[in-house]
Amino acid sequence: CGQPKDRCQFSCQEYTQLMQTAVALSELLARLNSASEAEGMSAVLDQPYLLVDLKDWQPGESGAKNSGAGKPALQPNCPVIGLGDCVADLPAIVDVMADSDATLRVLTEAIDSAPVAATILVQLLRHNEQASVRDALFAESLAYSSLQSGATFRAWLDSRKPSAAAREDESSLLLLDRQQDLLTITLNRPHKRNAYSAALRDALCEALTLVSEDTTIKRAIVQGAGVCFSAGGDLDEFGEARDGAYAHLVRMTRSAAALLHRLRDRVEFRLHGACVGAGIELPAFSNRIVAAPDSFFQLPEVAFGLIPGAGGTVSVLHRIGRHRTAFMALSNHRVDAQTALDWGLIDAIE
């Protein structure tokens, strides 16, 4: 292909073999009618992903050519990557699209590095696409808890150097400013790039509860102090939850995501700089997101052996759809402000 060998992540022979494993959509759907064949389509049986050739897929048709392309009775227990340039009206069996060789390489490498997390991600998105917000948040929390004890996440934790925990004034993690019927909420951990810690979560939930209960607050704006809105979950706290079941109950008891969904018509987010993980998962619940031109968005959790755990498999899914959410989470791709606006992930650039 003309790429220098030291820049290639695949040899040409390996990539040709990879492409040759792609099956036609009709063949895949036929194979899913067999329970024994469907069982073999699993990450635990050395099938980390499936490639489906969509060159004959014609969006919008409901005739015999596309019959059966809806959600099959049996689903693969691994991500299904569609090959082609379709962007809308994809067959339900497809989890994520690869419209170029480079994109395919990124997706397959990411899945190979964390096959369990990648599979649970796409399974969860399939479920959450049909579930209520409450049920989807419940499912996400259970999935996240199960992955916290997974081998990939534990290996990632072991690879990190422990950092010294610095004392922090928790009374100033969140700043509140009320002007008449407007409450401005500012995330105030600029030295940590407003990383979403347990203490910051608690403070945000308390502020959102105030908005919920005080009907004289007509609008609330959430913003971040410092160079960015939020760089996502506080990595210094990752791995602290040794009891996954209890951690699940904590997430369901104190949920900023659930509060934001309930307050979505009254809360606006003003974003800038890095909006990573929780830094976009939480804002996406709101009906109004205004982002600065320098904003960018990422869902990096699969690379750690996890999935988005602050509500992203619900909020981002509802804004940009299942396939683009899977692409963001699997690829760890940095989405710029204009692309986010085009996709509907944000509502304005100012």
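In this structure, the side chain of Q47 does not engage the main chain of S42 through any donor-acceptor pair within 3.5 Å. Under a 3.5 Å cut-off, the side chain of D53 and the backbone N or O of A22 do not form any donor-acceptor pair. Using a distance-only test at 3.5 Å, with no hydrogens or angles considered, a donor-acceptor pair links the side chain of R178 to the main chain of Q180. The closest donor-acceptor contact from the side chain of S286 to the backbone of I289 lies at 3.5 Å or more, if one exists at all. With N194 contributing its side chain and F229 its backbone, the two residues share a donor-acceptor pair below 3.5 Å. A side-chain donor-acceptor contact under 3.5 Å links R266 to the backbone of I217. At least one donor-acceptor pair under 3.5 Å links the side chain of S145 to the backbone N or O of G244. Looking only at distances, a side-chain donor or acceptor of R154 sits under 3.5 Å from a matching main-chain atom of Q148.
You'll find the side chain of I185 stays beyond 4.5 Å of the side chain of V267, heavy atoms only. You'll find the side chain of F285 stays beyond 4.5 Å of the side chain of L263, heavy atoms only. Inter-residue side-chain proximity for H318 and H261 is flagged as unmet; no heavy-atom pair is nearer than 4.5 Å. Side-chain contact between L306 and W156: absent, with no pair of heavy atoms (C-beta onward) separated by less than 4.5 Å. Contact of the L174 side chain with the L200 side chain is registered, since non-hydrogen atoms from C-beta on lie closer than 4.5 Å.
Q223 and T186 share a donor-acceptor pair across their side chains, judged by distance under 3.5 Å alone. A donor atom on one side chain and an acceptor atom on the other are not found under 3.5 Å apart for R324 and T339.
In this structure, P48 and D112 approach most closely via the heavy-atom pair CG-OD1, 3.5 Å. Of all non-hydrogen atoms in V276 and A231, the two that sit nearest each other are CB-O, 3.5 Å. Closest approach of N128 to A139, counting heavy atoms only: OD1-CB, 4.0 Å. Considering every non-hydrogen atom in both T152 and G305, the closest pair reads CG2-CA, 3.6 Å. For the residue pair G311 and L137, the shortest heavy atom distance occurs at CA-CD2, 3.8 Å. Between A337 and I346 the shortest heavy-atom distance is O-CD1, 3.5 Å.
A salt bridge between D95 and R322 is present, with a side-chain N of the basic residue lying under 4.0 Å from a carboxylate O of the acidic one.
Taking R270 as the reference, E268 meet the salt bridge (charged side-chain N to carboxylate O under 4.0 Å, His left out) condition, with sequence neighbours excluded. With sequence neighbours excluded, no residue forms a ring pair (Phe, Tyr, Trp, His ring centres under 6.0 Å) with F297. By the side chain to side chain donor-acceptor pair (under 3.5 Å) test, T215 pairs with no residue at all, sequence neighbours left out.
The aromatic rings of F327 and H333 sit tilted, their planes meeting at an angle between 30° and 60°.
Note that CG of L83 is 11.5 Å distant from CG of L25, once rounded to the nearest 0.5 Å. Rounding to the nearest 0.5 angstrom, the gap separating the CZ atom in R193 from the SG atom in C228 is 4.5 Å. Between the CG atom of L299 and the CG atom of L330 there is a distance of 10.0 Å, given to the nearest 0.5 Å. Here CD1 of I320 is found 5.5 Å from CH2 of W343. Values are rounded to the nearest 0.5 Å. One distance of note links CG of L124 with CD of E140; it measures 6.5 Å at 0.5 Å rounding.
Legend: salt bridge (charged side-chain N to carboxylate O under 4.0 Å, His left out) pairs involving residues 335-347, not counting sequence neighbours, sorted by first then second residue: R319-D347.
Atom CZ of R134 has 12 or fewer neighbouring heavy atoms from other residues, nucleotides or ligands inside a 6.0 Å radius. With a 6.0 Å radius and a threshold of 12 heavy atoms from other residues, nucleotides or ligands, E39 has its CD atom at or below the threshold.
Ring pair H248/F138: centre-to-centre distance below 6.0 Å.
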N/O donor to acceptor pairs below 3.5 angstrom from side-chain atoms of residues 114-121, sequence neighbours left out:
residue : atom : partner : partner atom : Å
T119    : OG1  : P115    : O            : 2.9

Sequence neighbours excluded and cut-off under 3.5 Å, please list the side-chain donor-acceptor pairs for residues 204-212, or say none.
residue : atom : partner : partner atom : Å
T209    : OG1  : C205    : O            : 2.8

